[in-house]
*Asks:* 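Before I ask anything, let me first share the structure, which is written out below as structure tokens.
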Amino acid sequence: MLPRSVATADVEGKVVLVRSDLNVPLEDGRVADDTRIQASLPTLRLLLERGARQVRVCSHLGRPKTDEDRAKYAMAPVREAVNAALGDERVEVLENTRFNPGETKNDPDFARELADGCDLYVDDAFGSAHRAHSSTVGVAELLPAYAGLLLLEELRNLGRLLGDVERPFVIVSGGAKVEDKIGVLQNLGARADAVLIGGKMAEDVRTDNPFTFEAILPVDVVAAKEFAADAETQVTPFDALPDGWLGLDVGPETRDEFARRIAGARTVFWNGPMGVFEWPAFAAGTVAVAEAVAACDGFTVVGGGDSVRAVHEAGVAERISWISTGGGASLELLEGKELPGVKAIPE
Ligand code: 3PG
Ligand code: MG
């Protein structure tokens, strides 16, 4: 069963609190990829069209910890982008929810602060639905809660990867949030016919592989002498990285092998880049995966802020069956977990 839709809510004259996932990749203080912003607009437009008096949009941005992070993760560039897209004074984008330390603890006081003065709550933040935080779960207990259009569309599309899928089912995983993903992959791996692992994830499991399913690791890597865009590089075997060097991309043999396996798949789910693709010297592995997923004629899903950015930068977005705004959230959904942000909304 899907949670009840915002389309069924009477919002005329109401103050609506919307939780979107506006956690976009930033670069030099700019929005580096606006997929999540664009994907959040239909719900906001619906509320405006249906006469909401005020639309308060909240989201987290990054994982701010220190005081300096407050400048780095301020909502300003995101707010500007939303305002430029909607041009409606009834819309107010609130400051980064994670600037309040209560947010990630699902602190009821912070939930009350967010809910204060609002008549109803719309959760459209699929990408954050796996987090039980004040802005995703706490507020849903204080206000009548509805699911936004994006959240529902994500649940419908990703639902196709649950239960019976066309096989071979290939999962490709990489990216930086390794600790978050290992447990999920452990459960998910059993459902797939092959799990290809690259990026930081592969680096972290090189010496101590925790997976009980057969994970396909890189055979070669693009090694860098230091963590820098213009670092000296060499291609080395995956298990023979010179001391002190860093594997920042998968190597050419791995690219071919991963592409071959993806080409033979009927269902593909890809989350997380194969390396530091923001730097051209380490982008080839991620681009190769993006192109292989696009060329595959099965049902293909790409999820996660960075992978989505890579798919756009590789110019192959139109050839992916579903681009999910959720990274960790799509992984946990696929694992068969009930997402707290979804569970908090009545059916
Ligand atoms: C994401 O980028 O996956 C979501 O926005 C959630 O971010 P988080 O992993 O920092 O909670
Ligand atoms: Mg992410």
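What you see is a predicted model; the values in this text were computed from it and never measured. No hydrogens, no waters, no symmetry mates; every other heavy atom, side chains included, goes into these values. Whatever order the structure lists them in is the order used to number ligands and atoms, beginning at 1.
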*Asks:* Could you tell me whether the side chains of Thr267 and Glu166 share a donor-acceptor contact shorter than 3.5 Å?
*Replies:*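 Note: Thr267 and Glu166 side chains miss the donor-acceptor criterion.
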
*Asks:* Enumerate the atoms of ligand 1 whose separation from the nearest heavy atom of Arg98 is less than 4.0 angstrom.
*Replies:*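 Within the 4.0 Å cut-off of Arg98, ligand 1 contributes 8 (P), 10 (O), 11 (O).
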
*Asks:* Run down the list Arg131, Arg63, His130 and name the one with the heavy atom closest to atom 11 (O) of ligand 1.
*Replies:*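 Going through Arg131, Arg63, His130 one by one, Arg131 has the nearest heavy atom to atom 11 (O) of ligand 1.
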
*Asks:* Using only heavy-atom distances, determine whether the side chains of Thr300 and Ser321 contain a donor-acceptor pair under 3.5 Å.
*Replies:* yes

*Asks:* Would you compute the distance between atom CD of Glu257 and atom CZ of Arg260 and round it to the nearest 0.5 angstrom?
*Replies:* 4.5 Å

*Asks:* Any salt bridge linking Asp21 with Arg36? Criterion: basic side-chain nitrogen under 4.0 Å from a carboxylate oxygen.
*Replies:*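 A salt bridge is present here (some side-chain N lies under 4.0 Å from a carboxylate O).
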
*Asks:* Heavy-atom contact under 4.0 Å between His133 and ligand 1?
*Replies:*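 No; His133 lies far enough from ligand 1 that no heavy-atom distance drops under 4.0 Å.
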
*Asks:* Enumerate the atoms of ligand 1 whose separation from the nearest heavy atom of Asp21 is less than 4.0 angstrom.
*Replies:*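 Every atom of ligand 1 under 4.0 Å from some heavy atom of Asp21: 4 (C), 5 (O).
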
*Asks:* Would you kindly say whether His60 and Asn23 are connected by a side-chain donor-acceptor distance under 3.5 Å?
*Replies:*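 The criterion, which ignores hydrogens and geometry beyond distance, is satisfied for Asn23 and His60.
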
*Asks:* Using a 4.0 Å cut-off to any heavy atom of Asn23, which atoms of ligand 1 qualify?
*Replies:*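 Listed by number with element, the hits are 1 (C), 2 (O), 4 (C), 5 (O), 7 (O).
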
*Asks:* Quick one: which ligand 1 atoms are inside 4.0 Å of a heavy atom on Arg36?
*Replies:* 1 (C), 2 (O), 3 (O), 4 (C), 5 (O)

